[in-house]
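Residue numbering restarts at 1 for every chain, and letters A, B, ... go by the order of the sequence lines.
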Amino acid sequence: MSTLTLDRLSKSFGAVDVLHNISLDITDGEFVVIVGPSGCGKSTLLRTIAGLEPITGGELYLDGRPVRNVPAAKRGLAMVFQSYALYPHKTVEKNMGFALKIAGEPKAEIDRRVLKAARILKLEPLLSRFPRELSGGQRQRVAIGRAIVRDPSIFLFDEPLSNLDAALRAEVRVELRQLHKNLGATMIYVTHDQVEAMTLADKIIVLKDGYLQQVGAPSTLYNDPDNLFVAGFVGSPKMNFIPGCLRQGTFLSKALQTGPFNVDMDCIDMTVGIRPEDISIVEFGKGNARLKVDVAEYLGSQTLVHGRLSDKTQIIAVAPGELKLEADAEIDLDIPTDKCLLFNYEGQRVRPDNGSGKVERDAPSGEKLQQVASC
Amino acid sequence: MLKLSGMTLVASLLLGTAVKAETSIVFRYNDGDVAVIEAAVEEFEAANPDIDVTVERIAWGDARTQFLREALIGGGPDVVHIAFVWPLEMGQAVALQPLNDLISENGIQSGIDDFVAQDLFTSKEGSIFAVPWTTDTFTLVYNKDLLSEAGISEFPSEWPALAEASRKIHEATGKAGFGFSAGSAASNVIWFMLNYYWWSNGHALIVDDGAGGYKMGITPEEVAEGFEYFASFMGDGGNPDTNISVSSWSDPSIVNGMISGHQAIAFMPPATFRSMLDTYRSQTGSEETPFASATIPAGSAGGISHLGGRSLGINSNTKHPEESFRLVQYLTSKGFFEKHLKTQMPAQKALLSSVDFGPEMAGFATQLANGRSWGAYANPKTPIGEMWNETGRSFGSFLIGQISAEVAAQDFYDKISGMLGK
Amino acid sequence: MISFERQHLGFILAMLVPAFLLLALFYIWPATFNLWNSFTDLTLLSMRQGGNFVGIQNYVDLIRDSGFKTVIWNTAFWLAFVSTLIRLLLGLGLALLIHSEPVRRAGLRTIARMAILLPWATPPIVAVVVWRQFFDGQGLFNQIFLDLGIISEPVAFLGNQATVWPALLMIITWNTLPVVTLTFLAALQTLPKDLFEAAEMDGAGTWRKFVDVTLPHLAPTMVVMGLLLVIWTFNNFVYVWLATGAGPGTFTNVLATEVFMKGFISFELGYSSAVGMIMVAIMLVFGAFYFHFVASRNFKEIM
Amino acid sequence: MTVAAVDQPRERDYASIIGNVFVVALAVLAILFLALPVVWIFVGSFLQTGNPISAGSMKWTFANYRTIIENDFLIFIFNSVFICIVAVIICTALAVMVAYAFSRYRFPLKRMAFASIVLGQLFPWVILVTPLFVMFAKAGLLNSYVGMIFCYVCVSLPFSVYMLVGYLEAVPRDLDEAAAMDGCSRVQIVLQVVLPLMLPGIVATATYSFLLMWTEYLFALAFLTETTMKTMPLGLALFFGQDTVDWGAVMAASAATTLPALLLFLPLQSKLVSGVTSGSVKG
């Protein structure tokens, strides 16, 4: 259990920069999830922390101690691989005890700790089996068990659930959360699945193209995303985005007019984000946007309505209970202004209250102003 | 034998070479009868306790190249067993050392002049590079039963008669007449037979030009005539076509053919004949054989065969020339031939005349008297091995119909004269 | 794959240096020596004195030599092309045969797989000895053919223009077929079953399934195997030399035997080296081809 | 799946029976073709002449084996076994090291190094004999185990590396990393994790190397002249004298030379098959 600090860490493979100046703190006992689309560098980030990849720039501190040049084995971390990476030629017991054996622990101590970990994960009956004789879920447990046995300061998980089927994944997710609570250890967890991120994390780190997008608690990311990417990535179904422009505090587009927003700027490229669950379907003629329905998916407790606004923007709305809608039916939506998030042309969040959307920073050209005036 | 070598092996593995206080020399012997030689060497060691001789052996086909490579790089065995025609080329390449001083200081059984084929061992400057050891020649061996079955009462004495006899036997008995290996590899017999044919008719491939050099002693037409003569034996001429793929006078198709009575006439050296006789006797259990050897047919110049054999040379790199020479002295001594090497004919005229070869071998003894040395063939420009190889290749190409006799002969002639001209 | 970092250098060197040092000693120094020799008139007999520099004379000589064209033809056509083609086809046929349902039901599959190993375990020198006996005038083939009345006179299989190459190829094929067959067998075992089922659903018959499913699946293996066979046979001197000694005449002379004959029988080391360098040059071209199309594809992960 | 391509519904049963019989007959013929020469050697080695059919009466005998044993063949066997085993061990160990570096690390000139390994497989050995002979003579390596082992290691190293790289590709890199996380040093990773996993590949590779060396003739001929140093192929050639060939002994020596390879092959049969695919020539 310890703290980890990344200070302007960067990594490149040859000429390709994979991580750019990542700085963050991970405190003792936190469950941190690194999330992002594939190729965003999240696995590389985990592997630099593990010591499997040397870093190109910046520094990495473990409990305040720089570990840039400390080899993986000496960092006191344990890792659970996506492929589980169990040694096929060793039994479950040997797999779990291997690190201790390498460290030269006495046999009795190895047995004790392996047994303890096996008990936590209910692996005792499997100890003498070989990995090929285990199911996917069991292998997964063994991989975790192997990490537990080492009693590491930090657990690293590299997409550990991606090889499991959906039902099992949900189950293990809960168990992992439980495990974290019991062990109280720091855990760093990489996934591309935002549901896993939301359910597991104390703190989520969103990465895209090697850049840190936002760090924060799941609720922060959900409610107060810093940019379009985070807003779109977190939450399911995805947030709706409606392009348009902002003029004197009012959002204008062919399909939607809403406001006022407490933002002192005129801007041609502005996007409004609204979560599907914040949209409500209202009586025809009473809404502020009209939706042409493509399909309605009934999920039991709710129905997801997919459709297009008059400017062809794809929209998903959530309606409670069962709602029968024909394709091409037209319905009216209420998109409440107070739930709308504004993003500027760079995709950055424009927050109404703190004045982050200052005109100077975001001044449209004269030509653009003309367009704004006319839109 | 095995036990002995095994123990030597173990001893040398365990002790290395440190224990040897005596002089060690290596004798490379390349023929059969290894047991005979090893027994003789043991006797030599007993008589010379200060000398330890190791006998090593490599296949005869590889012997020449291997020794040259080793000696020219500064290694190789001390005493080496080589063909009659190699000493000059090896001496001139500085692989062998001149023996003149050793011979004049220590002497050799009945004097060096008593040895046959002196010209093959002495360079123009007078250096003697090897001592002739054993001698032999090739001649024809016959199955007398098959001959009489075909109504032939005498061994053919002239080349056309031989061809006639072969054809007759084949027609009369359906068996092979004169079956010889007509293959193209360098170990075939066509080289010997062609040269015998040419010599008997007064030609020679290479002759002295009288001015210290060498020249061709034959015309392409005469070469072609020889090619055609031997080609006439193929098929209905009595030599089965399958012998085109046979490249050795000791090939089973020939030796077994003779033994089983499927072939009437063969061409071979004494060692092969002897082993053939042994096999026949052990298979039939009878001492009597239907075989006889007779001299090769004559042409305008008589029936001439080559005086072949093996000689002993001393490596120019040896650190123990005196000891090596003592081994050579011993191996050429009368006692050695009387007691040990009874299957080979000695290369000394005095010893040769005193040996009784038995009735079947009579032809060889007679033929040996009509043998000639290779003489001018053994010059530095035309290694015999290479001429031998070219002969087989050219004759083979003609035989299988790739090219005509004239073209094959011309190619051959150009190759050899090209070598001489270099 | 671990990217190159200075901290790994020591380990990487420790892994590579011993092997590459040995290989350099074994290949590069002798090859250089050979290259130099090819520009001299060195013979074995003049080794003490050393050869004279003759420039590209040896290369000019060998290009002018009429026999050299035959050598190139024999090597390229018979050894490289025909022998490879035969082995690919026979190897494929045999693999299909062993893999086939009737053979499995007849309980022959295991026996066949054992039988395949027999030629493989036989050293080439032994293989040649046996087959020469079979091809002999009184050998097995002549006896069988005579008894069957196919021929009336014994045939010199290894001494006849018409039969010598087929006979040689038979020896080579017998001795080296196992590798080809086993490779195809292994590839057949990885045939995706569902593809067959899909083809069956599409109404494909046995022949169509073979052409549309089996063959495409085996195609990459065939390419790799074909290239390897060409390489192995091209350099192999044992079969031709021991079976026919490049004869009859020089009818079966190939590059490798030409190098051997010039170097070890005629002692013309310079000329022999030149022929050897021609071989190296051909192999370099072939090697580049092989590397580009096979090795670097097989191992793109490590490149 | 049958090769016979008969698909007429009416005649199908009839045709397929004929087809099956045909296929099985073909298979039997193929087995005969493959096995006959080897059977011939072993039978011939126990017959009085080396050629059973032309022998007329078949007399069984051990004389041929007695002959080869009297001609130092046991020493040749020892030499062959010793040289080949030591060379195989060294070669395989070096090949594992090189293959590991190739498959797990990036380093400068890697492509070139790998290309040179590929080319090493193609190199015509016949041109190396004379230069190596000169080199060996100067280094005192003629007639030595060291010299032959050096030769054989180098002869089979390129192919071994090539094969092992193929096998290593099948060992997931995650395992190396897991071992690194578990505290293994680089050497421990290779010895404790990678090596046990690629054991089948190593066995297959070592078998190939062994065969290559076991049957090698050219280098042995040039570099081994002392009788007590010769290997089996050379010993075999010794029975081809210039004036006489002892065919019985040749057959016995052939059998003795073939048998060890056969004994090595049969138990490894299945491994070798997988070896061919996943190793050098995976499609």
Note to self: Once ring-ring contact (aromatic ring centres under 6.0 Å, His included) is applied, do any residues pair with D/Phe42, and if so which ones, sequence neighbours excluded?
What the structure shows: none
Next item on the list: Heavy-atom pairs under 4.5 Å with chain C are the metric here; pick the option from D/Leu119, D/Val39, D/Leu132, D/Val153 that has the most.
Entry: D/Leu132
Item checked: Close contacts, residues 272-282 of chain C versus chain D, judged by heavy atoms under 4.5 Å -> C/Gly276, C/Met279, C/Val280
Next item on the list: May I ask you to check whether C/Trp241 and D/Tyr217 place their ring centres under 6.0 Å from each other?
Entry: no
Donor-acceptor contacts under 3.5 Å from residues 253-261 of chain D side chains, at least two apart:
| residue | atom | partner | partner atom | Å |
| --- | --- | --- | --- | --- |
| D/Ser254 | OG | D/Val250 | O | 2.8 |
| D/Thr257 | OG1 | D/Ala253 | O | 2.6 |
| D/Thr258 | OG1 | D/Ser254 | O | 2.8 |

Checklist line | Proximity breakdown for C/Ala19 and chain D, heavy-atom pairs closer than 4.5 Å | finding: both
Next item on the list: Under 4.5 Å heavy-atom distance to chain C, tell me which part of D/Phe219 shows up: side chain, backbone, both or neither.
Entry: side chain
Item checked: Ring-ring centroid check C/Phe26 D/Phe123, cutoff 6.0 Å -> no
Next item on the list: Might you point out which heavy atoms bring D/Leu128 and C/Ala31 nearest each other, and give the distance in Å?
Entry: CD2-N, 4.4 Å
Notebook entry, point to check: Will you find, in the side chains of C/His8 and D/Arg106, an N or O donor that is under 3.5 Å from an N or O acceptor?
Noted result: no
Notebook entry, point to check: Is the closest side-chain heavy-atom distance between D/Met135 and C/Leu25 below 4.5 Å?
Noted result: yes
Next item on the list: Check whether D/Val98 gets within reach of chain C through its side chain, its backbone, both or neither, counting any heavy atom under 4.5 Å.
Entry: both
Note to self: Heavy-atom pairs under 4.5 Å with chain C: which of D/Pro37, D/Ala35, D/Ala27 has the most?
What the structure shows: D/Pro37
Note to self: Out of D/Val38, D/Leu94, D/Leu157, D/Leu122, return the one with the most heavy atom pairs under 4.5 angstrom to chain C.
What the structure shows: D/Leu122
Next item on the list: Without swapping roles, check the side chain of C/Trp174 against the backbone of D/Phe33 for a donor-acceptor pair under 3.5 Å.
Entry: yes
Check: How about D/Leu34 and C/Leu118: do any of their side-chain heavy atoms sit closer than 4.5 Å?
Finding: no
Next item on the list: Could you have a look at C/Phe260, C/Phe234, C/Trp29, C/Phe286 and say which one has the most heavy-atom pairs with chain D under 4.5 angstrom?
Entry: C/Trp29
Check: Can you list the steps and then say if D/Phe107 with C/Leu9 is a side-chain contact (heavy atoms from CB on, under 4.5 Å)?
Finding: CA-CA 8 Å; D/Phe107 49 87; C/Leu9 188 63; over 6 Å; no
Next item on the list: Could you pull out the closest heavy-atom pair between D/Ala115 and C/Phe291, with the gap in Å?
Entry: CA-CE1, 3.4 Å
Checklist line | Top contributor to chain C interface from D/Ile117, D/Val96, D/Ile127 [non-hydrogen pairs under 4.5 Å] | finding: D/Ile127
Margin query: Please identify, among D/Val161, D/Val134, D/Val28, D/Val155, the residue contributing the most non-hydrogen atom pairs under 4.5 Å to chain C.
Written below: D/Val155
Margin query: Working to the nearest 0.5 angstrom, can you tell me the gap between D/Arg186 CZ and C/Ile12 CD1?
Written below: 8.0 Å
Note to self: Between C/Leu22 and chain D, with a heavy-atom cut-off of 4.5 Å, which part of the residue counts as in contact: side chain, backbone, both or neither?
What the structure shows: both
Notebook entry, point to check: What heavy-atom pair brings D/Ile41 and C/Val130 nearest, and what distance separates the two atoms?
Noted result: CG1-CG2, 3.2 Å
Notebook entry, point to check: Which residues pass the side-chain contact (heavy atoms from CB on, under 4.5 Å) test with C/Phe141, sequence neighbours left out?
Noted result: C/Trp131, C/Phe134, C/Phe135, C/Phe145, C/Phe157, C/Met170
Note to self: Which atoms of C/Ala14 are under 4.5 Å from chain D, going by heavy atoms: the side chain, the backbone, both sets, or neither?
What the structure shows: backbone
Notebook entry, point to check: Side chain, backbone, both or neither: which part of D/Leu26 has an atom under 4.5 Å from a heavy atom of chain C?
Noted result: both
Next item on the list: Start with the C-alpha gap between D/Trp40 and C/Gln133, add the side-chain angles, then the distance that decides, and say whether side-chain contact (heavy atoms from CB on, under 4.5 Å) holds.
Entry: CA-CA 10 Å; D/Trp40 187 277; C/Gln133 292 184 15; 3.1 Å; yes
Item checked: Shortest non-hydrogen contact from D/Trp125 toward C/Tyr27 -> NE1-OH, 3.9 Å
Next item on the list: Against chain C, label D/Leu218 side chain, backbone, both or neither, depending on which of its atoms sit under 4.5 Å from a heavy atom there.
Entry: side chain
Notebook entry, point to check: With a 4.5 angstrom heavy-atom cut-off, which part of D/Leu262 approaches chain C: side chain, backbone, both or neither?
Noted result: both
Notebook entry, point to check: C/Met47 versus chain D, heavy atoms under 4.5 Å apart: side chain, backbone, both or neither?
Noted result: side chain
Notebook entry, point to check: Could you state the interatomic distance from CG (C/Leu16) to CE (D/Met97), rounded to the nearest 0.5 Å?
Noted result: 8.0 Å
Notebook entry, point to check: Nearest heavy-atom pair of D/Ala30 and C/Leu97: which atoms, and what distance?
Noted result: CB-CD2, 4.5 Å
Notebook entry, point to check: Heavy-atom distance under 4.5 Å to chain C: side chain of D/Cys151, backbone, both or neither?
Noted result: both
Margin query: Looking only at heavy atoms and a cut-off of under 4.5 Å, which of C/Phe11, C/Phe237, C/Phe33 has the most pairs with chain D?
Written below: C/Phe11
Margin query: Would you say that C/Met114 contacts D/Ile31 through its side chain, given a criterion of any heavy-atom pair below 4.5 Å between the two side chains?
Written below: no
Check: Tell me, do C/Val126 and D/Thr215 make a side-chain contact under 4.5 Å, heavy atoms counted?
Finding: no
Margin query: Any non-hydrogen side-chain atom of C/Trp232 less than 4.5 Å from a side-chain atom of D/Phe159?
Written below: yes
Check: Of the backbone (N, CA, C, O) and the side chain (C-beta and beyond), which part of D/Ala95 lies under 4.5 Å from a heavy atom of chain C, both, or neither?
Finding: neither
